[in-house]
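Chain letters run A, B, ... following the sequence lines, proteins first and then strands; every chain starts at 1. When reading the values below, keep in mind they use all heavy atoms of this one structure, side chains included, and skip hydrogens, waters and symmetry mates.
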There are 2 protein chains.
Amino acid sequence: MRVASKSGRGPTKPPRRSEPPQHEDAALRASYDPSQYPRPSVAVDVAVITLKGERLHALLVPRSAPPFRGRLALPGSFVRLDESLDAAVQRVLAEKAGLRGVFVEQLYTFGAVERDPRMRVITVAYVALVAEERLAEDEGHRFHPVEIPWEGETGGPVEVAAGELAFDHAGILGKAIQRLRGKLGYTPIGFQLLPDEFTLRDLLRVHEVVLGRPLNKDSFRRRMLASGDLSATGTQEASVDHRPAELYRFARRSAV
Amino acid sequence: MRVASKSGRGPTKPPRRSEPPQHEDAALRASYDPSQYPRPSVAVDVAVITLKGERLHALLVPRSAPPFRGRLALPGSFVRLDESLDAAVQRVLAEKAGLRGVFVEQLYTFGAVERDPRMRVITVAYVALVAEERLAEDEGHRFHPVEIPWEGETGGPVEVAAGELAFDHAGILGKAIQRLRGKLGYTPIGFQLLPDEFTLRDLLRVHEVVLGRPLNKDSFRRRMLASGDLSATGTQEASVDHRPAELYRFARRSAV
DNA sequence: GAAATAGTGTCTTTAAGACAGTATGTG
DNA sequence: CACATACTGTCTTAAAGACACTATTTC
């Protein structure tokens with residue numbers, strides 16, 4: 001484990017953010033120029049998650065260049081100086097997945113020194129949730145089923161049939177699932193993985209797949225209906241070979 | 001609206017970390033050199049929170065240099081290329097607060113383009129919790145009481161009697177409190193604001209101050225004792241003018 | 001009518017709130 | 001002994017799990 005010695009290095013001038021007492025004139029200001037510090041690269045990586053059948057899938061793209069050439073990785077990009085982190089994420093989603101207006105949330109920032117072998121890269125990871133129906137036709141196959149080798153909100157890296165992921169992306173994806181599981185308990189977030197209209201059973205399935213365990217159907221129904229997050233559409237699902245269920249829509253929570 | 005031009009600046013040589021070509025071929029690598037991208041500065045800022053009396057306090061240091069000279073700010077530092085984010089936080093805590101081994105957790109990363117008027121600075125914010133007893137004698141006065149102008153887990157910037165905080169630090173501190181409130185419900189975290197041994201009433205007070213509302217004493221006791229997170233020491237508090245309470249200690253949660 | 005799932009009603013269990021009553025320290 | 005708080009026990013209430021029963025569609 002190679003750790004650069006903290007004193008021996010840095011021929012660049014000592015990063016003192018400390019306090020040279022000063023007036024706000026330019027001369028002194030120059031002596032305190034933070035742009036002198038060596039700077040890391042900053043990227044955003046997005047765990048774009050969808051639900052296909054009984055499994056969570058993540059958008060993974062094969063790396064076309066080293067390092068980790070050929071391995072699958074989360075879509076991402078370096079952050080430009082004139083765009084916010086959120087804007088960078090929107091750009092990644094648009095450019096690499098053709099997605100717009102999906103649910104996005106910042107996840108965690110990964111800053112281990114050696115996480116990219118080329119150079120120092122700090123990555124701000126995001127989670128995006130998207131309903132399978134919203135994926136473009138040719139996008140579907142780029143989503144890979146994710147194996148979650150742990151229970152509850154434990155956390156830890158996930159696994160993908162196609163092999164090891166690049167960088168620390170297996171860990172990032174694991175943290176994304178962990179966050180998702182945690183939030184399901186106290187936030188209406190499952191909607192994001194469903195089309196606009198859905199049945200209670202659809203929503204139950206989402207929760208069960210995300211949590212990785214069966215849920216009590218009765219109390220799930222009660223909780224959801226009591227939450228005020230659902231509004232009935234008055235219509236029912238069609239073309240099922242059994243009694244059709246009421247269709248619901250996500251209701252923006254109104255003031256209590 | 002002065003934004004450092006993304007191209008005009010930083011002709012300083014791109015600090016490409018050593019780590020030469022390795023297993024992959026160098027040709028491709030040259031055509032894909034991320035060190036070419038202009039890079040933002042990256043900092044860590046730490047919301048060091050303690051409990052004094054009936055109020056949460058945060059460590060705030062007056063800025064001695066522009067921008068926001070004279071205003072209070074969270075302690076922070078730029079991240080060095082050879083240290084992880086966590087290591088940078090430990091360094092800040094040691095250098096600016098004389099603290100070691102306190103509870104620390106990453107909070108959120110703030111990356112608005114204009115959050116620092118000088119240049120593009122992305123900051124990774126952390127929360128640190130420390131018991132008042134662990135503060136050095138001369139540190140106490142640097143902690144300022146924090147006003148939380150919202151209820152529940154709503155969030156939003158906080159207020160400090162000493163005036164406006166520098167940068168977006170009021171918002172960062174607000175998010176820190178918000179996180180704290182949220183975690184209190186499902187995690188043993190209040191301990192971090194108390195000395196090693198404490199009574200149930202001490203812990204109740206912590207929860208009440210953090211949450212900003214009174215709690216039911218009976219069910220609090222039951223929940224805490226049932227959680228398995230507390231272990232009785234067998235001794236009692238001393239020098240109180242009423243019946244002394246049992247002292248408890250935080251018990252590392254054992255495997256169920 | 002058979003099969004399958006939607007939806008309702010009710011009983012049990014569990015955790016939280018309320019509160020009375022007892023215990024044990026200080027002054 | 002008065003006072004203050006710690007601690008215990010019990011009743012009530014609310015939410016979750018379990019499960020029986022009815023409803024409504026397709027085949």
Practice problem: Have a look at A/Arg222 and say if it touches a base, only the backbone sugar-phosphate, or nothing, with a 4.0 Å heavy-atom cut-off. | Solution: base
With respect to the phosphate group of [N], does any side-chain polar atom (N or O) of [X] fall under 4.0 Å of OP1 or OP2?
X: B/Lys217; N: D/dT5; value: no
X: B/Arg221; N: D/dC7; value: yes
X: A/Ser219; N: D/dG17; value: yes

To the nearest angstrom, how far is [X] atom [atom1] from [N] atom [atom2]?
X: B/Arg243; N: D/dC1; atom1: CZ; atom2: C1'; value: 18 Å
X: A/Asn216; N: D/dC19; atom1: CG; atom2: P; value: 10 Å
X: B/Glu246; N: D/dT5; atom1: CD; atom2: C1'; value: 15 Å
X: B/Leu230; N: D/dC7; atom1: CG; atom2: P; value: 12 Å
X: A/Asp218; N: D/dA15; atom1: CG; atom2: P; value: 16 Å
X: A/His242; N: D/dT25; atom1: NE2; atom2: P; value: 12 Å
X: B/Phe198; N: D/dA6; atom1: CZ; atom2: P; value: 15 Å
X: A/Glu237; N: D/dT26; atom1: CD; atom2: P; value: 11 Å

Under the 3.5 angstrom rule, does the side chain of [X] hit a backbone N or O of [Y] as a donor-acceptor pair?
X: A/His57; Y: A/Arg55; result: yes
X: A/Arg134; Y: A/Arg100; result: yes
X: B/Arg205; Y: B/Gly53; result: yes
X: B/Asp168; Y: B/Gly171; result: no

Self-check item: Side chains of A/Phe167 and A/Asp45 in contact at under 4.5 Å (non-hydrogen atoms)
Solution: no
Could you check which of [options] has an atom nearest any side-chain atom of [X]?
X: A/Arg223; options: D/dA18, C/dG7, D/dA16; result: D/dA16
X: A/Pro244; options: D/dC19, C/dG17, D/dT25; result: D/dT25
X: B/Asp241; options: C/dC19, D/dC7, C/dT26; result: C/dT26

Exercise. For B/Val240 and for A/Gln236, locate the closest nucleotide of DNA chain C by heavy-atom distance; then report the residue assigned to the nucleotide nearer the 5' terminus.
Key: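 Going by which nucleotide is closer to the 5' end, it is A/Gln236.
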